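Notes follow the structure.
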Amino acid sequence: MRFLLLDRILEYQKGRFAIGSKDVTMSEDFLADHFPRFPVMPGVLQLEAISQLASWLVFASKDFKVKGTLSGLGNIKFKDFVKPGDQLIIEVTFESMDSEGVTFKAHARVKDKIKTTMSSGRLSYIDVEQIEDLEDAKEYFYYLTGEKPWGGYSL
Amino acid sequence: MRFYLIDKVIHFEAGKRGVGIKNVTLAEEFFIKHYDRTPLMPEPLIIEALAQIGGWTIAVSTHYRYVAIMLRIDNVRFYRYVRPGDQLVLQATILSISENGSLIEGRAEVNGEVVASIGRLMYGNYQVPDHLKVFIKKGYIYASGGFLDREGNEVHQGTLRNTL
């Protein structure tokens, strides 16, 4: 399993908000154990998808220099199960950005039904060069947003 | 990726607390792409590991009557990164258990240093249909890492070798 929990970034505005999507499919590895004969997407992986989207928005907002790692979370509510076949739409809104990190809120929905809400999340900056190749990260970001084709291939 | 995030239960007090360990190895699948140059354990999986030991403690304390499903999480802090080679010691303390739900607080440590803490984690207790009970129970026994025998009874360290 590659730990990429976001398929697309549908819309974003630097320093303000981002909307992304994740399609949940029956062939995901984690559904085998979560739970036997009752496949639902684990809540924490929804949190990971939210933090990945927020991290990409940090990446775009800070001129492709830093990404974000979670340093705190608060007031998360899981309202309903997310099942295979659902398309999870994630919305992240930045509330404040400072020199250490960002504070944001987020929710995840399937169509119009809200599944998960988080009213305060906190990301700390981490230097992109320390964790990833900068060009690879940029290319992947543009692939997610659909702005440029991946690896120069036009599909 | 198996979604069992406890390797072994090392301490258990019915209705009070459970302590489990999780060894973090570079062979874990989630280290692919998280990240390319520096493998760091994804923070939400630490929450999941704590939630699993908490759910395990509740299930064993209530004799597998319910399955505990996460409903709310509040006040989570991550203090430092978890890297391959670390051994996470996960401690879940039960604040309350009732018919409707349960509340725990959790703390994850590496070498005695706190890496993450959860202020409050609330579970809903779901009744398990009879035909699924056997699978749920099997899962808890599997995740106990030998702490429970095949019938789901506690095994004391001295007798562990005989039952396996």
Side-chain angles (χ1 to χ4, degrees), chain A residues 1-6 28-52 55 67-81 101 116-124 126-137 140, chain B residues 1-5 28-52 55 67-82 116-124 126 128-129 131-139 142-143:
Chain A
M1 168 187 175
R2 299 207 294 170
F3 212 68
L4 301 169
L5 288 157
L6 205 60
E28 310 262 20
D29 288 340
F30 51 76
L31 294 179
D33 294 326
H34 197 278
F35 296 97
R37 309 207 174 185
F38 184 63
V40 290
M41 184 176 180
V44 294
L45 293 185
Q46 295 174 42
L47 299 184
E48 176 64 24
I50 288 170
S51 80
Q52 287 187 7
S55 174
K67 284 177 92 172
T69 55
L70 281 177
S71 55
L73 293 169
N75 205 359
I76 300 152
K77 291 175 192 167
F78 300 108
K79 297 177 185 227
D80 198 3
F81 294 121
T116 300
T117 60
M118 181 207 289
S119 62
S120 73
R122 175 89 185 154
L123 291 181
S124 303
I126 186 167
D127 188 11
V128 180
E129 292 279 3
Q130 195 189 331
I131 55 169
E132 278 171 341
D133 185 84
L134 179 60
E135 290 309 313
D136 283 358
Y140 190 67
Chain B
M1 160 184 173
R2 303 289 329 242
F3 212 69
Y4 286 117
L5 290 160
E28 307 265 17
E29 289 182 43
F30 53 72
F31 285 130
I32 306 173
K33 287 288 181 188
H34 202 279
Y35 295 95
D36 287 345
R37 286 187 180 168
T38 312
L40 302 175
M41 183 168 178
E43 286 83 0
L45 292 185
I46 304 173
I47 304 181
E48 177 68 22
L50 283 167
Q52 286 188 6
V67 57
I69 289 189
M70 243 193 298
L71 290 185
R72 281 181 188 209
I73 309 174
D74 203 6
N75 211 354
V76 183
R77 290 284 173 276
F78 302 102
Y79 301 99
R80 76 164 186 81
Y81 296 122
V82 177
S117 65
I118 301 179
R120 283 150 69 89
L121 198 155
M122 194 175 102
Y123 301 92
Y126 281 73
V128 184
H131 68 286
L132 290 183
K133 267 190 179 145
V134 59
F135 295 101
I136 299 290
K137 196 168 173 182
K138 257 188 205 167
Y142 184 83

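Here is how names work: the chains are called A, B, and so on, in the same order as the sequence lines, proteins then strands, and each is numbered from 1. This structure is a prediction, so every number in the text was calculated from the model and none was measured.
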Gap between atom CG of A:Asn75 and atom CZ of B:Arg120 - 0.5 Å precision: 10.0 Å
Sequence neighbours excluded - side chain to side chain donor-acceptor pair (under 3.5 Å) pairs with any residue from residues 30-40 of chain A: A:Asp33-B:Arg2
Greater than 12 external heavy atoms within 6.0 Å of A:Phe81's CZ: yes
Choice from B:His34, B:Met122, B:Arg80 maximising heavy atom contacts with chain A below 4.5 Å: B:His34
Contact class of A:Leu5 relative to chain B, heavy atoms under 4.5 angstrom: neither
A:Asp29 versus B:Glu29, closest heavy-atom pair with distance: OD2-OE1, 3.6 Å
Rounded distance [0.5 Å steps], CZ in A:Phe38 versus CD1 in B:Ile136: 9.5 Å
Between A:Ser71, A:Pro36, A:Gly74, the one whose heavy-atom pairs under 4.5 Å with chain B are most numerous: A:Ser71
Check: B:Ile69 and A:Val40 side chains under 4.5 Å, non-hydrogen atoms: no
Contacting moiety of A:Leu47, where chain B heavy atoms sit under 4.5 Å: both
Chain B contacts, top residue of A:Asp136, A:Ile126, A:Thr116 (heavy-atom pairs, under 4.5 Å): A:Ile126
B:Leu71, part contacting chain A, at a heavy-atom distance under 4.5 Å: both
Distance (rounded to the nearest 0.5 Å) between B:Ile46 CD1 and A:Leu70 CG: 9.5 Å
Leading residue by heavy atom contact count with chain B [cutoff under 4.5 Å; candidates A:Thr117, A:Ile131, A:Asp133]: A:Ile131
Heavy-atom side-chain contact between B:Phe78 and A:Thr69 under 4.5 Å: no
Closest non-hydrogen atom pair between B:Arg37 and A:Glu129, with its separation: NH1-O, 2.6 Å
Nearest atoms (heavy-atom pairs only) where A:Phe78 meets B:Ile73: CE1-CD1, 3.6 Å
Region of B:Leu121 that comes under 4.5 Å of a non-hydrogen atom in chain A: neither
Under 4.5 Å from a heavy atom of chain B, the part of A:Gln46 involved: neither
Residue B:Tyr81 versus chain A: region with a heavy atom under 4.5 Å: side chain
Which atom of B:Leu45 lies closest to which atom of A:Leu45, heavy atoms considered: CD2-CD2, 4.0 Å
Smallest separation among heavy atoms of A:Val44 and B:Met70, with atom names: CG1-CE, 4.0 Å
Gap separating the CZ atom of A:Arg2 from the CD1 atom of B:Ile32, nearest 0.5 angstrom: 8.5 Å
B:Lys138 atom NZ, over 12 foreign heavy atoms within 6.0 Å: no
Nearest heavy-atom neighbours spanning B:Thr38 and A:Gln130: OG1-O, 2.6 Å
B:Arg72 atom CZ, over 12 foreign heavy atoms within 6.0 Å: no
Winner by heavy-atom pair count (cut-off under 4.5 Å) against chain A, out of B:Tyr142, B:Tyr79, B:Tyr35: B:Tyr35
From A:Phe30 atom CZ to B:Glu48 atom CD, the distance as rounded to the nearest 0.5 Å: 11.0 Å
